[in-house]
Amino acid sequence: MLTHDRQTKILSILKERGSATVAMLTEVLDASESTVRRDLAFLAGEGKLNKVHGGATALNQEFVRLEDNIEEKLTKHTDEKRAIARYAAEQIFDDDFVFVDAGTTTLLMTSYLKGSKATFVTNGIEHGRQLAKKGCKVMVLGGQLKESTEAIIGLVAAANLQKYSFTKAFIGANGISEKQGYTTPDTEEAMLKAVAIERSFASFVLADSSKFERVSAVSFGSLDCACIITDKCESEKIKKRTVIKEVLL
C-alpha cells in the first residue's frame, strides 16, 4: 500500500472509531509497527490526529493519560459538579438500594442525602464516612485501597459487588465519547464500575461537560448502559445514544 493511501486509511479509521492502537493499525494495514508509527508521527505533525502512547485518537477527542488525585479533582468545575450532585441525590428514594461509586461528583452528592432512609453501598472511603455522618445506612466494600482516589478496587471488591442487586447506581467517569462510551484510566476501577452497572436496575453516570469527547484507557460501558446527568452536552450523536439530563446551575 502506498504511503498516501495508508495514511488516508488511518484517518478514515480514526474518523469511524475515534481511536486506534498501533497493533490494530499494523494488522489492518498489513504494515510493520515502525511504518505505522512513522505514519502517525507524520500525521500528528500535520495536525491531522492526536498521537498518544500506543496509538492515536481523532482530533475531536482528548486522550486522558493521567488521573488527578481527589483533592485536585475537587477544585475543578465545582459549580457544575454540585448542580449535578444535587439533582442526582433527588433521584434517590427511601426504598432504594443504591451503589455510590468513588469520585468527586458522587462525593458531593452525599452532602444532599441527610436523613435518607435508602441503603447505600460504596467503594469510596470518604463517601462511606460522609454517608454515615448524615445518618444513612451504608456499607463499604472490602478490597484494595487506591491511594490517589481513595477508592476500593480489585477482584475482592468486584466479587463483593456480585452479591448485590441495586435499584440504582451512580457512577463517575473520566471520559465520555460516542465510540468508546464511558472510560477511566484504571483497569480495576473500570471492572468495578462495569459490575456495578450490570448489577443495577438503573444506572446514572455523573459527569460535567468537560468529560465529553475525552477518552481514557479503559472502557467500562457503552453509552446506552446508563443515563448521563451533566450540566451540558453539545454532542447530538451522544444525545441520540442515551438519556441525558442537563441540570441548571
Side-chain angles (χ1 to χ4, degrees), residues 67-76 78 81-82 84-174 182-208 211 216 218 220-221 225-227 229:
E67 185 171 20
D68 294 334
N69 62 38
I70 194 167
E71 290 83 7
E72 292 169 328
K73 288 182 178 181
L74 283 169
T75 65
K76 298 178 180 179
T78 304
K81 289 180 178 179
R82 288 194 179 280
I84 293 164
R86 185 184 302 110
Y87 179 85
E90 292 170 355
Q91 309 314 303
I92 298 174
F93 304 108
D94 287 345
D95 59 349
D96 275 326
F97 185 42
V98 182
F99 176 76
V100 179
D101 185 29
T104 50
T105 309
T106 51
L107 178 59
L108 291 171
M109 185 178 75
T110 64
S111 64
Y112 299 104
L113 290 169
K114 185 176 181 179
S116 173
K117 300 295 191 298
T119 299
F120 298 89
V121 176
T122 184
N123 67 322
I125 297 296
E126 185 61 24
H127 299 60
R129 183 181 293 115
Q130 292 303 320
L131 285 166
K133 284 183 179 179
K134 299 294 186 299
C136 300
K137 181 179 179 180
V138 57
M139 292 172 278
V140 178
L141 291 177
Q144 176 187 343
L145 176 63
K146 182 179 177 181
E147 189 274 333
S148 61
T149 59
E150 298 183 10
I152 302 296
I153 60 172
L155 291 174
V156 173
N160 286 335
L161 265 187
Q162 292 283 4
K163 301 174 184 177
Y164 300 116
S165 294
F166 301 103
T167 57
K168 293 165 185 168
F170 296 85
I171 309 292
N174 296 75
Y182 308 111
T183 56
T184 191
D186 188 284
T187 302
E188 296 199 65
E189 284 204 59
M191 175 177 61
L192 210 69
K193 293 173 191 286
V195 172
I197 290 171
E198 177 188 344
R199 303 298 302 173
S200 299
F201 178 74
S203 298
F204 303 86
V205 168
L206 279 51
D208 64 80
K211 304 295 177 62
S216 284
V218 190
F220 60 86
C225 76
C227 303
I229 304 176

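Numbering starts at 1 and runs along the sequence shown.
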Quick one: [atom1] on [X] to [atom2] on [Y], what's the gap to the nearest 0.5 Å?
| X | Y | atom1 | atom2 | answer |
| --- | --- | --- | --- | --- |
| E150 | I125 | CD | CD1 | 7.5 Å |
| N160 | I152 | CG | CD1 | 10.0 Å |
| R82 | D208 | CZ | CG | 13.5 Å |
| F97 | S165 | CZ | OG | 8.5 Å |
| Q144 | N123 | CD | CG | 12.0 Å |
| I171 | T105 | CD1 | OG1 | 12.5 Å |

Given 3.5 Å as the limit, does a donor-acceptor pair link the side chain of [X] with the main chain of [Y], or not?
| X | Y | value |
| --- | --- | --- |
| S116 | L113 | no |
| T183 | V218 | no |
| T122 | G124 | yes |
| K211 | A173 | yes |
| D96 | V98 | no |
| E189 | P185 | no |

Tell me, do [X] and [Y] make a side-chain contact under 4.5 Å, heavy atoms counted?
| X | Y | result |
| --- | --- | --- |
| V140 | R129 | no |
| F93 | K168 | yes |
| Y112 | R86 | yes |
| I92 | F170 | yes |
| N174 | Y182 | no |
| Y164 | L141 | yes |

For a quick test of reading the model, state the closest non-hydrogen atom pair linking [X] to [Y] and the distance between them.
| X | Y | value |
| --- | --- | --- |
| G154 | L192 | O-CD1, 4.3 Å |
| F204 | A226 | N-CB, 4.4 Å |
| S203 | C225 | CB-O, 3.9 Å |
| A194 | F220 | CB-O, 3.6 Å |

Exceeds 12 heavy-atom contacts within 6.0 angstrom, atom CG of L155
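For L155, atom CG is not crowded (no more than 12 foreign heavy atoms under 6.0 Å).
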Let's go through F120 and T110 carefully: what are the C-alpha distance in whole Å and the side-chain angles of both, what is the deciding distance for side-chain contact (heavy atoms from CB on, under 4.5 Å) to 0.1 Å, and is it a yes or a no?
CA-CA 10 Å; F120 298 89; T110 64; over 6 Å; no
Test side-chain contact (heavy atoms from CB on, under 4.5 Å) on K193 and D101 and set out the steps.
CA-CA 7 Å; K193 293 173 191 286; D101 185 29; 2.5 Å; yes
Please test C227 against V205 for side-chain contact (heavy atoms from CB on, under 4.5 Å), starting from the C-alpha separation and ending with a verdict.
CA-CA 6 Å; C227 303; V205 168; over 6 Å; no
Ring centre gap for F166 and F201 strictly below 6.0 Å
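Between F201 and F166, which both carry aromatic rings, the centre distance is not below 6.0 Å.
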Decide yes or no on side-chain contact (heavy atoms from CB on, under 4.5 Å) for M191 and T187, but give the supporting numbers first.
CA-CA 6 Å; M191 175 177 61; T187 302; 5.8 Å; no
